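Report on the following structure.
These numbers were taken from a predicted model, which means no experiment stands behind them. Residue numbers count from 1 along this sequence.
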Amino acid sequence: MSVVRETLCFRGLFLTLLAVLLTPSIVQADQPQAEQSKALQTLIQELERNEALYRNLKLKLQMVYENPPGKVDPEKQARHTSELTLIVQGDKYRQENLTKGRFKQGFMVPQNKPYNHFNSGTTESSEVFDGETLRKFYRYDRAPGLTTDARQQGGYGDISGEQKRMENLLRPHMLLFEGGLRVPLSTWLKGTEAIADSPGWPHYNDGNTYKIQLLGEEEIQGLNCIKVQIEQYSVNGKQSSKVILWLARDRNLIPTQAVYFQPLRSEEIPQSEAWVDEWQEVRPGVWFPRKFHVDRLNWIIYVSKHKQQVGWREEYQVESVELDPRLPEGTFTKLKFPKGIKVSPRDVENEEDGASEKPENKQS
């Protein structure tokens, strides 16, 4: 019996050691800092140092959206162009967006009604935040409406103490994640607690947890990159998303490629992919993307025809970028609201100029 016990004990120890050796090295970013891997901590510290290079930034870029992308029948394509001006100084920011073109309307066709699949027009928005007060407006002018030929016009303005998170386009390390969490990449890698504690709306104290896996290094487009995988789990413990990104060592650890998965749809087929297509050196040793784009899978086509096809594409062209720009007074405090836009509360700052008048929310 003693021989049997010793044999079983040896087999158990061997299987345990084998399991440890074969288990991938997964770093849970929501663990206490002391328990995180040294490699992840070093990466986070390097990211923070590089993110600080872009704390004061002025950026002008153009974005072209196509759905579906490429050379297709223009009568069956949504295509619009956005001109964006983005300025950040620490936690202060200014965002301006003017979009013109042809828009796609809705996803469900209304029953027994004529349906306009597309309309053309303009949208405009601005947000200005000085660290305490947020001033913003949005307005639109499109024709026709979803189920009517009437022109659609309207908008709103607001002045509040709300601290809304800035766009990821103002964070070079998050450029490829415009639709993702609005936090610095270093904060994302720190995990649940850091994300939940980060200030601003929307709030991320939602019970999601994160796992980080460092997958070694790979060469992408001639650049030596650190490959990182981020998994997100919902409150019920199910994996809700997975992102794989490649941080370019010689490009200030800015991701040069990112792939996004939704495991509930597919664990192998990515839902979106993003790349930096061209780089520029804006200061010795400080890099910034010149061109980048994002592709989104047409999931309906994939399910119905088992064919991978890009549903929409966003192509970005950086027209100018300045580090530590000289800014005029009032950059983060003054916002001229368009005539006819109702501002809540009253726009005392612009009333003398007659810029805040009757609300504009009509059809003509």
Side-chain angles (χ1 to χ4, degrees), residues 59-86 95-126 138-155 167-169 174-180 241 257-262 265-266 269-278 289-319 363-364:
L59 178 66
K60 288 189 176 182
L61 54 82
Q62 182 186 85
M63 186 272 284
V64 177
Y65 171 91
E66 290 184 336
N67 181 356
K71 296 180 179 179
V72 299
D73 184 351
E75 293 300 316
K76 297 180 180 179
Q77 183 188 49
R79 189 181 192 278
H80 47 79
T81 300
S82 298
E83 299 290 341
L84 300 105
T85 299
L86 307 164
Q95 305 171 169
E96 300 175 356
N97 184 343
L98 178 62
T99 300
K100 297 181 179 180
R102 179 176 166 88
F103 301 83
K104 194 169 185 177
Q105 299 193 88
F107 298 95
M108 303 299 293
V109 177
Q111 296 181 357
N112 304 320
K113 290 183 179 180
Y115 177 66
N116 300 307
H117 289 271
F118 302 92
N119 68 357
S120 299
T122 301
T123 64
E124 182 181 7
S125 65
S126 290
Y138 170 81
R139 68 172 174 174
Y140 57 90
D141 184 355
R142 297 182 184 178
L146 192 63
T147 58
T148 175
D149 290 330
R151 191 171 194 84
Q152 305 294 298
Q153 295 175 300
E167 302 284 346
N168 276 340
L169 290 175
M174 294 293 285
L175 281 176
L176 302 185
F177 308 99
E178 175 54 14
S241 70
Q257 182 178 346
V259 182
Y260 171 76
F261 297 84
Q262 287 180 286
R265 286 187 170 184
S266 173
I269 306 299
Q271 298 301 302
S272 68
E273 299 180 73
W275 297 266
V276 174
D277 304 301
E278 189 176 329
R290 188 189 302 273
K291 294 181 180 179
F292 57 100
H293 75 277
V294 181
D295 285 348
R296 180 77 181 191
L297 176 70
N298 188 325
W299 184 248
I300 295 176
I301 294 294
Y302 178 74
V303 171
S304 61
K305 299 183 179 181
H306 303 287
K307 179 182 178 181
Q308 294 186 47
Q309 179 175 309
V310 178
W312 57 254
R313 173 174 294 150
E314 292 178 343
E315 292 186 325
Y316 293 84
Q317 168 77 51
V318 176
E319 297 176 337
Q363 298 179 1
S364 61

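The closest side-chain heavy-atom distance from E315 to E66 is not below 4.5 Å. Residues T99 and Y65 form no side-chain contact, since every pair of their non-hydrogen atoms from C-beta on lies 4.5 Å or further apart.
Put simply, CD on E124 and OH on Y138 are 10.5 Å apart, with the number rounded to the nearest 0.5 Å. The CD atom of Q262 lies 8.5 Å from the CH2 atom of W299; values are rounded to the nearest 0.5 Å. Note that the NZ atom of K100 and the OG atom of S82 stand 11.5 Å from one another [nearest 0.5 Å]. Taken from OG in S120 to NE2 in H80, the straight-line distance is 10.5 Å, to the nearest 0.5 Å. Interatomic distance, H293 NE2 to E278 CD, rounded to the nearest 0.5 Å: 13.0 Å. Distance check, rounded to the nearest 0.5 Å: CE of M63 to CZ of F292 gives 9.5 Å.
Residue A274 comes nearest to V294 through the heavy atom pair CB-CG2, 3.9 Å, listed as atom of the first residue, atom of the second, then distance. In this structure, S241 and Y260 approach most closely via the heavy-atom pair CB-CE1, 3.7 Å. In plain terms, the two heavy atoms of G311 and N67 that are nearest each other are O-OD1, 2.9 Å. When all heavy atoms of T122 and F103 are compared, the pair lying nearest together is N-CE1, 4.4 Å. The two residues L169 and L86 have their closest heavy-atom pair at CB-CD1, 3.5 Å. In this structure, V276 and P289 approach most closely via the heavy-atom pair CG1-CB, 3.9 Å.
Put simply, the side chain of N298 never gets that close to the backbone of Q309: no donor and acceptor are under 3.5 Å apart. Looking at Q152, its side chain does come within 3.5 Å of a backbone N or O of A150 through a donor-acceptor pair. Side chain of Q95 to main chain of E167: a donor-acceptor pair is present (N/O by atom type, distance under 3.5 Å, no hydrogens or angles). Judged by distance alone, with hydrogens and angles left aside, the side-chain atoms of D141 form no donor-acceptor pair with the main-chain N or O of Q153 at under 3.5 Å. Of the possible polar contacts, one joining the R102 side chain to the Q77 backbone as a donor-acceptor pair under 3.5 Å is found.
Here E314 pairs with nothing under the salt bridge (Lys or Arg N to Asp or Glu O under 4.0 Å) rule; sequence neighbours left out. Checked against salt bridge (Lys or Arg N to Asp or Glu O under 4.0 Å), E96 has the following partners two or more places apart in sequence or in another chain: R94.
Contacts classified as salt bridge (charged side-chain N to carboxylate O under 4.0 Å, His left out) and involving residues 294-303 (residues at least two apart or in different chains) are given here: D295-R313.
Heavy-atom neighbours of I300 CD1 from other residues, nucleotides or ligands within 6.0 Å: at or below the threshold of 12.
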